[in-house]
Amino acid sequence: MLVQPGQHLELTIENISHQGEGVAKYQGYTVFVPFGAPGDLVKAQVISAKKDYARAIIKEILQPGQRVEPKCPWFQECGGCNLQHLNYDIQLAIKTETVRTTLKRIGGISPDIVKDILPTRAWSYRNKLQAPVAMHMGQLTAGLYKPRSHDLIPVSECAIQEDVNNQVAKQIAIIARETGVTAWEEREQKGSLRHILIRHSQRSGLTLAALVVSVLDFPNRERFLKKLREEMPDLHSLVLNENPRPTNVILGDREEVIWGPGYITDAIGELTFKISARSFWQVNSAGAEKIFQKVREFAQLQGEETVMDIYCGTGSIGLFLADQATRVIGIESNLSAIEDARDNARMNGIGNAEFHAGRAEDLLPQMVQKGLKADVIVLDPPRKGCEPSLLEAVAQAKPLRIVYVSCNPATLARDLKLLAERGYLAREVQPVDMFPQTSHVETVVLIQRAYT
């Protein structure tokens with residue numbers, strides 16, 4: 001290896017990787033430098049070295065390149081953002097290029113069909129906050145964890161959160177301290193309050209707080225809840241969630257609604273959706289609307305089609321398309337999400353949508369074997385993408401068009417290659433910046449059958 005851990009190097013950051021790290025060359029050898037900006041000249045210390053690349057951390061910026069002052073004082077500490085040191089226009093250019101290069105390298109997709117990324121609001125866009133609670137400087141504190149640890153950073157004003165979320169979480173932590181509620185201590189497995197989860201909708205103006213506690217009947221409970229009710233009259237709904245297990249999973253299985261309905265509503269277009277603590281819902285509502293509109297455009301519905309919404313979650317995309325289709329069929333493995341989808345269909349008076357609980361990899365092949373034909377199939381899988389057996393069943397359903405919504409360009413590229421082998425070719429790719437200040441990118445792809 002050309003370099004060794006602990007070695008100091010003088011490096012010029014040439015560009016940014018798809019994971020948001022600076023990329024430099026040292027005698028032709030690639031070095032990844034977190035929080036580097038294009039054009040930076042830095043002194044960096046190697047922290048790991050492999051045959052083909054190394055990783056180094058910045059010890060000194062000798063000459064700044066295309067960097068700006070981060071808005072958040074906890075940037076580089078909490079791990080929530082990794083691009084705040086870059087101007088938003090540069091972030092957008094990086095993400096567009098990431099999608100183009102990844103799809104070409106893995107999937108053989110021409111960069112020419114990848115459009116420039118659609119921007120969203122750069123700050124204060126997140127409608128959901130999950131704040132772990134722990135003892136910090138001798139008092140109960142809500143914040144965020146350092147990367148790859150459970151060491152709490154006392155982030156009180158997250159710059160990418162809607163301000164309502166920050167203020168509600170801060171006030172709940174203060175009231176917990178004042179009423180003697182204890183913070184969960186992971187090592188000793190004792191204490192009461194583990195997480196504060198907040199969901200807010202700008203469209204409805206409603207806010208939900210779900211407090212994760214080790215037991216529902218915790219010490220000082222009534223005093224705590226009474227003061228919350230007195231001092232937070234604008235909080236639409238409060239839920240207690242019990243999670244006594246030593247686990248990294250935030251929510252437990254038992255819930256108690258303290259006041260309100262236990263959910264809020266949010267809206268996309270003309271549709272209203274029920275959002276509970278457990279519901280999957282895009283954290284960037286304005287960005288989600290851009291994605292839904294692009295899905296509708298790519299679906300090219302004329303009013304007589306059967307649409308399948310695979311990995312449908314709470315049914316949002318399928319319901320958004322229902323007024324332009326004859327029939328919508330949703331598949332989702334999460335039973336509570338399916339129940340939400342059915343509630344959302346009823347709430348919006350949509351009678352042509354049906355939702356099935358089960359693994360898409362199992363249900364779709366069964367439906368196809370029974371003769372199901374779909375005109376348009378929407379795929380919105382998790383980061384791991386689609387199983388080959390699912391893509392085979394998609395091809396056997398013989399849709400005219402597939403619209404693929406992805407949060408991972410690498411697995412998207414892999415799946416596009418598999419679909420191309422089955423006669424379905426990517427025609428247009430539209431990245432959307434759902435997560436400003438981070439390296440994550442969402443992508444919507446129009447895929448059409450190559451032959452009839």
Is there side-chain contact between Val405 and Val445, with at least one heavy-atom pair below 4.5 Å?
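In short, these two side chains do not touch, never coming nearer than 4.5 Å.
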Could you tell me if the side chain of Thr30 sits less than 4.5 Å from the side chain of Val23, heavy atoms only?
yes
Pair [X]-[Y], side-chain donor/acceptor within less than 3.5 Å:
{"X": "Asp151", "Y": "Tyr145", "result": "no"}
{"X": "Thr207", "Y": "His236", "result": "no"}
{"X": "Lys384", "Y": "Thr411", "result": "no"}
{"X": "Asp163", "Y": "Gln167", "result": "yes"}

Show your reasoning for whether salt bridge (charged side-chain N to carboxylate O under 4.0 Å, His left out) applies to Asp323 and Arg296.
CA-CA 11 Å; Asp323 65 334; Arg296 186 192 286 256; 3.5 Å; yes
Any side chain to side chain donor-acceptor pair (under 3.5 Å) involving residues 283-293? Give me the pairs, sequence neighbours left out, ordered by first then second residue.
Thr120-Asn284, Asn127-Ser285, Asp266-Ser285
So does [Y] get a backbone contact from the side chain of [X], meaning a donor-acceptor N/O pair under 3.5 Å?
{"X": "Tyr125", "Y": "Pro436", "result": "yes"}
{"X": "Gln171", "Y": "Met232", "result": "no"}
{"X": "Asn344", "Y": "Ser316", "result": "no"}
{"X": "Arg342", "Y": "Phe355", "result": "yes"}
{"X": "Glu332", "Y": "Ile310", "result": "no"}
{"X": "Ser237", "Y": "Gly262", "result": "yes"}
{"X": "Arg121", "Y": "Trp123", "result": "yes"}
{"X": "Gln324", "Y": "Gln302", "result": "no"}
{"X": "His440", "Y": "Cys407", "result": "no"}

Could you name each residue pair satisfying ring pair (Phe, Tyr, Trp, His ring centres under 6.0 Å) that touches residues 31-82, not counting sequence neighbours?
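Only Phe32-Tyr53, Phe35-Phe75, Phe75-His85 qualify under ring pair (Phe, Tyr, Trp, His ring centres under 6.0 Å).
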Residues that Glu186 engages under salt bridge (charged side-chain N to carboxylate O under 4.0 Å, His left out), provided they are two or more places apart:
none
Less than 6.0 angstrom from the centroid, inside 45 degrees of the normal: does Arg401 satisfy that with respect to the ring of Phe298?
no
Please determine if Lys128 forms a cation-pi arrangement with Trp281, meaning its NZ or CZ atom is less than 6.0 Å from the six-membered ring centre and no more than 45° off the ring axis.
no
So with a 6.0 Å cut-off around CD of Glu270, is the heavy-atom count from everything else above 12?
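Atom CD in Glu270 is not crowded, with 12 or fewer foreign heavy atoms closer than 6.0 Å.
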Take Thr12 and Asp40 through the side-chain contact (heavy atoms from CB on, under 4.5 Å) test and state the conclusion after the steps.
CA-CA 6 Å; Thr12 298; Asp40 278 353; over 6 Å; no
